[in-house]
Amino acid sequence: SDFLVALLSDRERFFEEVVDRRELAHKLTYGTLTLGLLSGLFGLVAGAYFGWVQAISAAIKLPFLFFATFAVCFPAFYIVQVLVGSRLRLTQVVVLVVGALALTSVLLGAFVPITAFFLVTGANYYFQHLLNIGLAAVAGLFGMYALHDGLSVVCERRGVYPRKALTIMRAWAVLFAFVGIQLAWTLRPFLGDRNTSFQIFGRYQGNFYTAVIYAVKQLADGAVGPAPAARPAPDTALVQHLLAPRPDSTPGTPRRP
């Protein structure tokens, strides 16, 4: 509870304690648990649109998305911070970034009632799709803002973080977003299409941005959800072959003994 209170309402104290290297292991543990549990809860409710199997799949994939994006982007961020003169240690930077992601997951957890409301009231597939993307974007932006705010405090009050590194942090936040979007597209679906069978990973083509534009267009046109997949037409030649009379059944043709 003290970790969440500091993260939500007293972030300056949280950042000061990180600079002083106070209870870094506890902060990292609580931040990781918060990120995993609350982002998993959001994925669980979002995936419930399709059913319980998709809900469990999304509850696993969404935390994995955060941790995998962190693993891909963090090494470059830390090395650049060291090169520009940051005096923060590796563990301190990890705790700061994980704290920002934990705050993102707290917001996702707070958005769960909104997602559940539209799920229960029967919102269509495209609305749910865009709603979840929008909520995740808002939570992500606030998390990156909190990280920037914390690094600004460290920069101005403690002098252990160079001001020019804040510009690099903004560029890294954009990179983090693009990596997260691409990874989310690779791990799709999170919501699930009711007209198809359950899939752990989607097989359709395209990219995230065209999918969003398509969802907006379909929602504007009043579409409820993806159309059921059309069954393939039977082979015409095969049908004609099966329906053609056999030589020994043609009228007037004597049967062979």
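The figures that follow rest on heavy atoms only: side chains count, while hydrogens, waters and symmetry mates do not.
Pairing each heavy atom of Leu103 with each of Ala146, the nearest pair is CD2-CB, 3.4 Å. Residues Gly36 and Pro63 come closest through the heavy atom pair O-CG, 3.5 Å. The shortest heavy-atom contact between Ala165 and Val84 is CB-CG2, 3.8 Å. Across all their heavy atoms, His129 and Ala215 have their closest contact at CD2-CB, 3.9 Å. Across every non-hydrogen atom of Ala55 and Ala48, the tightest pair is CB-N, 3.7 Å. Contact detail for Ala100 and Gly143: the closest heavy-atom pair is CB-O, 3.3 Å.
No side-chain heavy atom of Phe15 sits less than 4.5 Å from a side-chain heavy atom of Leu151. In this structure the side chain of Met144 reaches within 4.5 angstrom of the side chain of Leu101, judged on heavy atoms. Counting only heavy atoms from C-beta outward, the side chains of Arg21 and Thr91 never approach each other to under 4.5 Å. Between Val97 and Phe74 the shortest side-chain heavy-atom distance falls below 4.5 Å. Using a 4.5 Å heavy-atom cutoff, the side chains of Val138 and Leu107 are not in contact. The shortest side-chain heavy-atom distance between Thr32 and Phe67 falls under the 4.5 Å cut-off. Side-chain contact between Val95 and Phe14: present, with at least one pair of heavy atoms (C-beta onward) separated by less than 4.5 Å. Taking 4.5 Å as the limit, every side-chain heavy atom of Phe117 sits out of range of all side-chain heavy atoms of Ile114.
The aromatic rings of Tyr30 and His26 are tilted relative to each other, their planes meeting at an angle between 30° and 60°. Aromatic ring pairs are classed by plane angle as parallel below 30°, tilted from 30° to 60° and perpendicular above 60°; the pair Tyr145 and Phe142 is tilted.
Note on Val72: it does not cluster hydrophobically with Val80, by side-chain heavy-atom contacts below 4.5 Å among ILVMFWY residues. Hydrophobic clustering (side-chain heavy atoms under 4.5 Å, transitive across Ile, Leu, Val, Met, Phe, Trp, Tyr) keeps Tyr126 apart from Val120. Placement of Leu141 and Phe111 in two distinct hydrophobic clusters is found when ILVMFWY residues are connected by side-chain heavy-atom separations under 4.5 Å, directly or transitively. By the criterion of side-chain heavy atoms lying less than 4.5 angstrom apart, applied directly or through intervening Ile, Leu, Val, Met, Phe, Trp or Tyr residues, Val98 is not grouped with Leu33; the two fall into different hydrophobic clusters. At a threshold of 4.5 Å between side-chain heavy atoms, the hydrophobic network of Ile, Leu, Val, Met, Phe, Trp and Tyr places Leu83 and Leu166 in one connected group.
Between Asn124 atom CG and Leu130 atom CG the span is 9.0 Å, to the nearest 0.5 Å. Note that the CZ atom of Phe70 and the CG atom of Leu65 stand 14.0 Å from one another [nearest 0.5 Å]. Going from atom CG of Leu28 over to atom CD of Gln92 covers 12.5 Å, rounded to the nearest 0.5 Å. To the nearest 0.5 Å, the span separating OH on Tyr49 from CZ on Phe127 amounts to 12.0 Å. The distance from atom CG of Leu175 to atom CD1 of Ile168, rounded to the nearest 0.5 Å, is 12.5 Å. Taking CG of Leu191 as the reference point, atom CD of Gln54 lies at 7.5 Å (rounded to 0.5 Å).
Residues that satisfy the salt bridge (Lys or Arg N to Asp or Glu O under 4.0 Å) test with Asp10, not counting sequence neighbours, are Arg13. Remark: Phe77 pairs with Trp172 by the ring pair (Phe, Tyr, Trp, His ring centres under 6.0 Å) rule, at least two apart or across chains.
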Run the side-chain contact (heavy atoms from CB on, under 4.5 Å) check on Arg89 and Val18 step by step: do they pass?
CA-CA 10 Å; Arg89 300 290 183 88; Val18 172; over 6 Å; no
Derivation of the side-chain contact (heavy atoms from CB on, under 4.5 Å) call for Leu88 and Leu96
CA-CA 10 Å; Leu88 295 176; Leu96 286 174; 3.9 Å; yes
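Counting only distance, with no hydrogens or angles, the side chain of Ser57 and the backbone of Val53 share no donor-acceptor pair below 3.5 Å. Side-chain atoms of Thr115 do not come within 3.5 Å of backbone N or O of Ala46 as any donor-acceptor pair. A donor-acceptor pair under 3.5 Å is absent between the side-chain atoms of Glu17 and the main chain of Glu12, judged by distance alone. Side chain of Gln81 to main chain of Ser86: no donor-acceptor pair is present (N/O by atom type, distance under 3.5 Å, no hydrogens or angles).
The cationic atom of Lys27 (NZ for Lys, CZ for Arg) does not lie both less than 6.0 Å from the six-membered ring centre of Phe3 and within 45° of the ring axis.
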Throw together a table of side-chain donor-acceptor distances under 3.5 angstrom for residues 37-45, partners on residues two or more places apart or in other chains.
from: Ser39; atom 1: OG; to: Leu35; atom 2: O; distance (Å): 2.4

